[in-house]
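First comes the structure, then the notes that go with it.
Position 1 is the first residue of the sequence; numbering continues from there. From a predicted model like this one, the values you see are computed outputs, not experimental measurements.
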Amino acid sequence: MEDHLKGLNPAQKEAAEHMDGPILIVAGAGAGKTKTITHRIVNLIKKGVAPEKILAVTFTNKAAKEMRERIVAEIEKNAKGQNTLPFVSTFHSLGVYIIKENARILGLTKYFTILDESDTTNLVKDAIKELGLDPKQYDPRRIKNIISREKGKFTNLSDYEEKESSALGRIVGAVWNIYEKKKSKENSLDFDDLLLKAVKLLKENEMIRKIYQERWEYIHIDEYQDTNEVQYLMTRILSEKNKNICVVGDADQNIYSWRGANLKNILSFEKDYPNAKIILLEENYRSTKNILEAANEIIKKNIYRPDKNLFTKNETGEKISLYEAIDEGDEAEHVATKILTLLDKESTTFPEVAVLYRANFQSRAMEEAMLRYNIPYQVLGVKFFERKEIKDTLAYLRAALNPESLSDIKRIINFPARGIGKTTLLKLFSGEKESLPIKMKLKIDNFYAALGEISEKIKTEKASEVVKFTVKKSGIELELQSGVEEDLERLENIKELATLAVKYDNLKEGGGIEKLLEDASLASDQDSIMHREEKKENKNAIKLMTVHASKGLEFEYVFITGLEDGLFPHQKQGERETAEDREEERRLFYVALTRAKRKLFLSYADFRTIFGSRQINAPSEFLADIPKDLIEKGDEDPGIKTIYI
C-alpha cells in the first residue's frame, strides 16, 4: 500500500483510490469522512492531477479551514514539490469567487458590498416604508426570511409573484422588487445572492460555464444531504462536463429541512449520475458498541434512507443510563449531580460533557441547576433570560408595575405593532400627548389601558396566571402564533416563563411577579459575571445546547433530556404531522445519540409544566425502540416518590 493510504480502512481506501466518474460516499457518524476526502484529494495529486484542478466545497468556514489544513499537511508529507493547492471553500465563498471574476457581466463592480443580516433587514424595512406600509405591522425579519427561503429554492421574483396571490404574498413581492432595486443601486448583494447569481450565471452563460467546468475537473461536496436547491444546481452544473464528482454525506443526518436542505438530493444521486460508484463508510471511530447498537436500532425504522449499519472495533462500553424524573426540576437536578459525580469519579473535565435538549425553552431549568451547583456552563445559542421574547414579556410586567419606566415603554409600545412611530413616542415622552391626532391618542390610551389591566391582575392573580394573561392581552401570543417556525419556538419560550412563574404563585398581592422580575434580573447578572471567561474562550465549561446545534460535535459524556412524546419527538402546535416530519425527528435523535463517545444518559419527566399547567407525559416512543439489554435504569432513590398533581 502507498504511504499516503496507510491508516485507511478498506472502504476508506476504496473511496480514496477512486479516480474518474461520480462517487457517493455514504459516511456514517464518526466514520472519518474528512480523513477520507483528504486522502482522496492527495491520491489524485499523486496520480498526476494538478492541485488547481481540484475543488472541495463544504458548508462552514470552520469545516473548510479544517479540510484545507489537513490537505496541506498531507500534501507536504506525501506529495512534496507542489506549487499550487486545491480550491477549498464554502458554498458562499465559491459564489463570491465566481461573481468577482464576472462582476462586470452581472452589472457589478469588482468591489461589491456583501450585506450582513442587519444590513439586509434594514433594506427590507426601507422597502416596506417606501410602499407606505408600517414596518411595525409588516415585520421586516419575517419578510426577509420568506425572500431568503424562496431564493434558496432558486425562485426568482417574477416566478414568486406569479404563484403567490395571497395578500401577504403580494406585499412580499412588492417589497422584494424594491429591495432588489436598492441593492443594485448600492452595488451590493445579500448572502442568498452569492449563490443565486453565481448559479444563474453558470446556467445561462455557456462560455462562462465551460470555463469553470474545465477549471475544476474533480469536484468534492461535503455534507451533501444538507444542500438546498441552489447548491444542488451549482454542483450539477460544475460537474456536468467531466462527471468527476465526489459527494459525501449521510441521509440519516439530514436535520435541516426547515432551512431548505433537501433530502432528495442525496437519495437521488444514483438517478442523477447513473454510473455512480457507491461506497459505505460504516466503521465508526467515535462511540462504543452499545451506543452504536442503540443508534442503529433507532434509525433503521426510517424508510427514506440508504440501508447501512454502523459498527465499531471500540469497546462494548457502559450501558445507556435512563432516568425517570418526577418533573423538569428533578431532571435538571439529576443531570447536575451526575455531572459532579463524573468529575469526581471519572477524572472528567467540564468540556467533555454536553447536555442536549430538543427545544430551546428546556435550557431554563438546566441553567438554574448548573448555577445552583456552581457548575460552569455555556449555552450554545441565547440564554433563557437574554432571549428577546422573554425580555419583551418581562418589560410588559415591569411597565405595568411602573408606567414611568420609559425604557420598558419604548421597548414594548410597538410590539406587537400598533402603528406608534418614533415621532409619536418623542411627543409622548415630552408630555405633548394632547397635540397628537385623536386616532393616535386612542392607540396610546389602549396601550396604557392594557398595562392597567395587567397591573390589576398582578395584584389579584397568581404569578403564572398573570404571565399567561400578559401574553394574551399584549397581543404577543397572537403575533407569534401566526408567524413562522422560529416564532412558534419563541412562543414556547414564553410559555416556559409562565412555567417558571408557578414557583412564585404562593406570594400574594403582586409579590410573585415582583420576585419573578427581581430573580430574572439577578439571574442574568450572575450569569454574565460567573461565566464571562467561558463566554470568551468556551473552555472549562459544560455545554448546553439543542440537538440541532450539536451536529458535527462530539463529547465523552452526553445527556439527552426531555425524552417525552410531544417534546422529543417534537409535535408542532396546530400543525398536522407528516411522515417526513416523523422521520426527521428520528434522524435528530440519531444525531443526538451519535454525539457520545463513552457514555449516554437519557432522561424524561413524568410531569412537565407547560405554560403554567402541569402535564402528565408519556415516555418518548424512541425509548421503546432501544433494546432493553442496552439500558440501565438511573440511580433513583429506592424510596417511594411522592408526586403532587
Side-chain angles (χ1 to χ4, degrees), residues 327-333 359-372 377 379 382-413 415 450-477 480 489-531 544 605 607-615 644:
D327 55 22
E328 65 270 25
D330 180 32
E331 180 182 48
E333 184 94 2
N360 269 309
F361 77 83
Q362 293 171 260
S363 79
R364 195 270 308 168
M366 291 296 162
E367 288 183 64
E368 281 191 355
M370 299 308 138
L371 288 168
R372 193 160 54 248
Y377 69 91
V379 179
V382 183
K383 292 181 174 61
F384 185 76
F385 287 111
E386 292 173 2
R387 291 176 178 132
K388 179 187 180 298
E389 59 274 15
I390 301 301
K391 287 186 172 182
D392 289 336
T393 308
L394 293 176
Y396 266 100
L397 295 170
R398 281 194 299 269
L401 288 171
N402 177 21
E404 301 304 314
S405 175
L406 298 187
S407 59
D408 286 320
I409 297 295
K410 185 179 179 182
R411 181 181 185 96
I412 60 176
I413 199 166
F415 181 73
L451 290 183
E453 288 186 53
I454 294 168
S455 179
E456 287 302 312
K457 291 285 183 183
I458 289 173
K459 296 171 189 173
T460 58
E461 297 282 348
K462 293 177 179 179
S464 60
E465 293 301 320
V466 173
V467 174
K468 291 180 191 178
F469 177 80
T470 300
V471 177
K472 286 183 182 294
K473 189 66 186 177
S474 64
I476 291 175
E477 184 174 56
L480 296 180
E489 188 174 294
R490 292 186 183 100
L491 186 56
E492 281 187 344
N493 291 333
I494 294 175
K495 289 183 175 183
E496 178 64 10
L497 184 64
T499 296
L500 171 62
V502 170
K503 73 179 185 181
Y504 303 94
D505 279 352
N506 61 330
L507 298 175
K508 307 297 182 186
E509 297 178 350
I513 289 297
E514 286 182 43
K515 191 73 170 78
L516 168 65
L517 292 171
E518 180 186 322
D519 286 355
S521 299
L522 292 174
S524 299
D525 287 344
Q526 182 184 12
D527 180 63
S528 61
I529 293 166
M530 230 185 122
H531 304 288
L544 305 179
F607 299 87
R608 192 173 292 273
T609 308
I610 305 288
F611 208 14
S613 299
R614 200 165 168 83
Q615 297 179 3
Y644 300 94

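- With sequence neighbours excluded, no residue forms a side-chain hydrogen bond (donor to acceptor under 3.5 Å, both in side chains) with Lys457.
- The local environment of NZ in Lys462 is sparse, with at most 12 non-hydrogen atoms from other residues, nucleotides or ligands closer than 6.0 Å.
- The distance from atom CD1 of Ile412 to atom CG of Leu451, rounded to the nearest 0.5 Å, is 5.5 Å.
- Atom-to-atom distance recorded for Asp392:CG and Ser474:OG is 9.0 Å, nearest 0.5 angstrom.
- In this view, Lys472 and Glu477 satisfy the side-chain contact (heavy atoms from CB on, under 4.5 Å) rule, not counting sequence neighbours.
- Side-chain contact between Tyr377 and Glu367 is present, with at least one heavy-atom pair separated by less than 4.5 Å.
- Using a 4.5 Å heavy-atom threshold, the side chains of Val471 and Tyr396 count as separate.
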Review point. Could you go step by step and tell me if Arg398 and Arg411 meet the side chain to side chain contact (heavy atoms under 4.5 Å, CB included) rule?
Key: CA-CA 11 Å; Arg398 281 194 299 269; Arg411 181 181 185 96; 5.6 Å; no
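- Under the rule for a side-chain contact (heavy atoms from CB on, under 4.5 Å), the partners of Glu453 that lie at least two apart in sequence or sit in another chain are Phe469, Lys473.
- Residues Arg614 and Arg608 are not in side-chain contact: their nearest non-hydrogen atoms beyond the backbone lie 4.5 Å or more apart.
- Applying the side-chain contact (heavy atoms from CB on, under 4.5 Å) test to Glu389 and every residue at least two apart in sequence or in another chain returns Arg387, Arg490, Asn493, Ile494.
- The two atoms that bring Ala463 and Ala501 nearest to each other are CB-O, 3.7 Å, heavy atoms only.
- Atom-to-atom distance recorded for Leu401:CG and Leu517:CG is 6.5 Å, nearest 0.5 angstrom.
- Between Ala399 and Ile409, the closest heavy-atom pair is CB-CD1, 3.8 Å.
- Annotation: side-chain contact (heavy atoms from CB on, under 4.5 Å) contacts of Thr499 (sequence neighbours excluded): Glu328, Arg364, Glu496, Thr609.
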Check your understanding: How far apart are the C-alpha atoms of Glu456 and Glu461, what are their side-chain angles, what is the distance that settles it, and do they pass the side chain to side chain contact (heavy atoms under 4.5 Å, CB included) test?
Key -> CA-CA 8 Å; Glu456 287 302 312; Glu461 297 282 348; over 6 Å; no
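- For the side-chain hydrogen bond (donor to acceptor under 3.5 Å, both in side chains) test, residues two or more places apart in sequence or in another chain that qualify with Asp505 are Ser464.
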Check your understanding: Does the pair Ile513 and Leu507 meet the rule for a side chain to side chain contact (heavy atoms under 4.5 Å, CB included), with working shown?
Key -> CA-CA 9 Å; Ile513 289 297; Leu507 298 175; over 6 Å; no
**Study point:** Chi angles and distances behind the salt bridge (Lys or Arg N to Asp or Glu O under 4.0 Å) call for Glu492, Lys495
**Key:** CA-CA 5 Å; Glu492 281 187 344; Lys495 289 183 175 183; over 6 Å; no
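- The distance from the CD atom of Glu465 to the OG1 atom of Thr460 is 10.5 Å, given to the nearest 0.5 Å.
- Between Leu497 and Leu394, some side-chain heavy-atom pair lies under the 4.5 Å cut-off.
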